[in-house]
Amino acid sequence: MIITRFAPSPTGNLHIGGARTALFNYLYAKHCNGKFLLRFEDTDAERSKEEYAVQIRESLRWIGINWDNEDIPYQSKRLHIYESYKNHLLEKGLAYHKDGAIFLKGKDNVEDFVIWRSDGMPIFHFTVVIDDHEMNVNCIIRGVDHLTNTDKHKIIYDYLGFPKPEWFHIPLIVDENNKPLSKRRDDASVTFYQEKEYLPEAVMNYLARLGWGHENQEIFSEQELISMFDVHKVSKNPAKIDLKKLNWLNAQYISKAEPSFFTKYSKYQNIQKAVDHATRSEICKECMKKLQAKAFSLEELNGLLAPFVNDFLADENLLNEHKVFILSLLPQIKKTLENIPQDKWTEHEIDEKLSQLVENNSITFKDIAMPLREIMTGQKKSLGIGEILFYLGRKTVLSRLHIL
RNA sequence: GGCCCCUUCGUCUAGUGGUUAGGACACCAGGUUUUCAUCCUGUAAGCAGGAGUUCGAUCCUCCUAGGGGCUGCCA
């Protein structure tokens, strides 16, 4: 059985590169019907903080990366284990004291190196090998920054008589200048995407496509990723982060989501109201879907839905440049719409009647569409005018018209 | 410096010893349209360079260049 792991050190929030590493480990383990484990490497007591460990877990869960071990090992609590292995190596003469630290004898072009600090704490190279072995990790997917370290790790595996895992080193995520994404950049932290309220589905999809691809497919559900992802096919060259593509993916996911998908975003009241309507009415659902297709973010969707789920009072100020013109036409518009009975209130009929009105007055459809849209929604960006009037409903439309 | 890794459109990638080197994002130009957006169509854009192997190399080998990593009692 394939067992992978993600082993961050809790010295900061989850880095987007770390998230991708975790994702690849997760996807590959699931792909192989194996297990994906989480572990915290906190032997650097100075910089490690529990709050970061909490944050990292939350970010992983947010993306949708779930680990299989309920008890997450913290290396700082396993010192006695490393201690016994260290003593073993000392006894066998493979390690030795020097200047208060403990060095391991190198071989194969690797010089002797420290495995135990003079302050009494073990070094990462040592703990990582022991833990991976004890956790039965047999497939290690990590950043290329660890590539050279692997030589040291192999020596430890040999000295301790552990069977070696398989290593895969994935390239880093880099910035515009091909430099590894600095931790200081806002968009380097997963919390940035959480705060911006990107859909986690879009983030997972985006991350998976960074360094990997499958034929001409761009949109992958989690299940598709699990069934198609193969760590052997991950590209070897660094991937540049591209928020434009993420934004596009985010819009795709918003557009395709079912109304019920949005219930977890409770802070967006208009969206919640719309979901409520949509579950009871096919027409409301249709309206919501059309607005979803226009939104790039949840915030934008919430705004677009506002005039459809709330009372809205048209304000003359909205009309600005159209004001004089549209006010002169308003009586006719009202009359035209009033003459459409409730049972004929359809998008087609509305468009038809408005077109006639336009024709009779020798103006263009455009001349009334925009002002009407603003009267009905208070927005310049919304659906087609026929759609707006239809979805709003005859009663609401007439009442909004009578305001002026 | 030493050791190591990488190199397909601007970006993310697909791909093969013989392809018009494919897709997507972005970009640009048209079209539709009633706003914005979508949508549709199209343009432009790439195998880092040089040798070698081969009938034939984007693909295999070597070299060079460029980029990156490691070279910590950080991880």
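Remember, it's a predicted structure, so these values are computed and weren't measured experimentally. Residue numbering restarts at 1 for every chain, and letters A, B, ... go by the order of the sequence lines.
Non-hydrogen atoms lying under 4.0 Å from RNA chain B are contributed by nothing in residues 57-72 of chain A. Contacts between residues 223-237 of chain A and RNA chain B, defined by a heavy-atom separation under 4.0 Å, are made by A:Lys233, A:Lys236, A:Asn237. Residues from residues 86-122 of chain A with heavy atoms under 4.0 angstrom of RNA chain B, sorted by number: A:Asp99, A:Ala101, A:Val114, A:Arg117, A:Ser118. Of the residues in residues 282-302 of chain A, those placing a heavy atom less than 4.0 Å from an atom of RNA chain B are A:Lys294, in numerical order.
Heavy-atom contacts of chain A under 4.0 Å fall on RNA chain B between two terminal nucleotides, which in 5' to 3' order are B:C4 to B:A75.
Checking A:Pro238 against A:Arg47, the closest nucleotide of RNA chain B that is more toward the 5' end is the one next to A:Pro238. Between A:Gln217 and A:Asn177, the residue anchored nearer the 5' end of RNA chain B, judged by the nucleotide with its closest heavy atom, is A:Gln217.
Pairing for B:U11 is with B:A24, a Watson-Crick or G-U wobble pair whose two hydrogen-bonding atom distances lie under 3.5 Å. In this entry B:U35 has no Watson-Crick or G-U wobble partner, no candidate having both defining distances under 3.5 Å. A 3.5 Å limit on both hydrogen-bonding distances identifies no Watson-Crick or G-U partner for B:C73.
Aromatic ring pairs are classed by plane angle as parallel below 30°, tilted from 30° to 60° and perpendicular above 60°; the pair A:Phe124 and A:His146 is tilted. In this pair, A:Tyr85 and A:Phe162 present their aromatic rings perpendicular. The plane angle is above 60°, beyond the 30 to 60° band. Ring-plane geometry between A:Trp116 and A:Phe126 is classed as perpendicular, the angle between the planes exceeding 60 degrees on a 0 to 90 degree scale with a lower cut at 30. Between A:Tyr265 and A:Phe262, the angle of the ring planes lies from 30° to 60°, which puts this pair in the tilted group.
For A:Ile283, the CD1 atom sits in a loose shell: 12 or fewer heavy atoms of surrounding residues, nucleotides or ligands are nearer than 6.0 Å.
At a threshold of 4.0 angstrom between heavy atoms, the contacts of A:Ser382 include nucleobase atoms, whether or not backbone atoms are also involved. Among the protein residues, A:Ile241 comes within range of no part of the nucleic acid, since none of its heavy atoms lies under 4.0 Å from any strand. Backbone-only contact: A:Pro180 has heavy atoms under 4.0 Å from sugar-phosphate atoms and none from a base. Counting non-hydrogen atoms under 4.0 angstrom, A:Ile385 reaches a base of the nucleic acid. Heavy atoms of A:His146 sit under 4.0 angstrom from at least one base atom. Using a 4.0 Å heavy-atom cutoff across all strands shown, A:Gly211 reaches sugar-phosphate atoms only and no base atom. Residue A:Glu218 is classed as a base contact, given a heavy-atom separation below 4.0 Å to a base. Counting any heavy atom pair closer than 4.0 Å across all strands shown, A:Asp351 reaches a base atom.
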- Can A:Lys77 and A:Glu41 be said to form a salt bridge (charged side-chain N to carboxylate O under 4.0 Å, His left out), step by step? CA-CA 10 Å; A:Lys77 299 190 178 114; A:Glu41 310 210 323; over 6 Å; no
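A ring pair (Phe, Tyr, Trp, His ring centres under 6.0 Å) with A:Phe220 is found for one member of A:Tyr206, A:Tyr253, A:Trp212 and no other, namely A:Trp212. The only member of A:Asn13, A:Leu60, A:Ile16, A:Ile56 that meets side-chain contact (heavy atoms from CB on, under 4.5 Å) when paired with A:Val190 is A:Ile16.
Comparing B:C62 with B:G69, their P atoms sit 24 Å apart, to the nearest whole Å. B:C12 and B:U7: their C1' atoms are spaced 15 Å apart (whole Å). Going from the P atom of B:G68 to that of B:G31 covers 45 Å, rounded to whole Å. With C1' as the reference atom, B:U43 and B:G30 are 10 Å apart, rounded to whole Å. Going from the C1' atom of B:G46 to that of B:G22 covers 12 Å, rounded to whole Å. As rounded to the nearest Å, B:C59 and B:U16 have P atoms that lie 13 Å from one another. The same atom, P, is picked in B:A75 and in B:C70; the two are 14 Å apart, to the nearest Å. Here the separation of B:G50 from B:A45, taken at their C1' atoms, is 25 Å to the nearest Å.
In this structure A:Tyr96 satisfies the ring pair (Phe, Tyr, Trp, His ring centres under 6.0 Å) test together with A:Phe103, sequence neighbours excluded.
Aromatic rings from A:His88 and A:Tyr159 are positioned such that their centres are separated by 6.0 Å or more.
Taking all atoms of both residues into account, the shortest heavy-atom contact from A:Ile254 to A:Leu301 is CG2-CD2, 4.3 Å.
Donor-acceptor pairing under 3.5 Å is recorded for the side chains of A:Glu50 and A:Tyr74.
Cation-pi geometry between A:Lys164 and A:Tyr157 is not met at under 6.0 angstrom from the ring centre and within 45 degrees of the axis.
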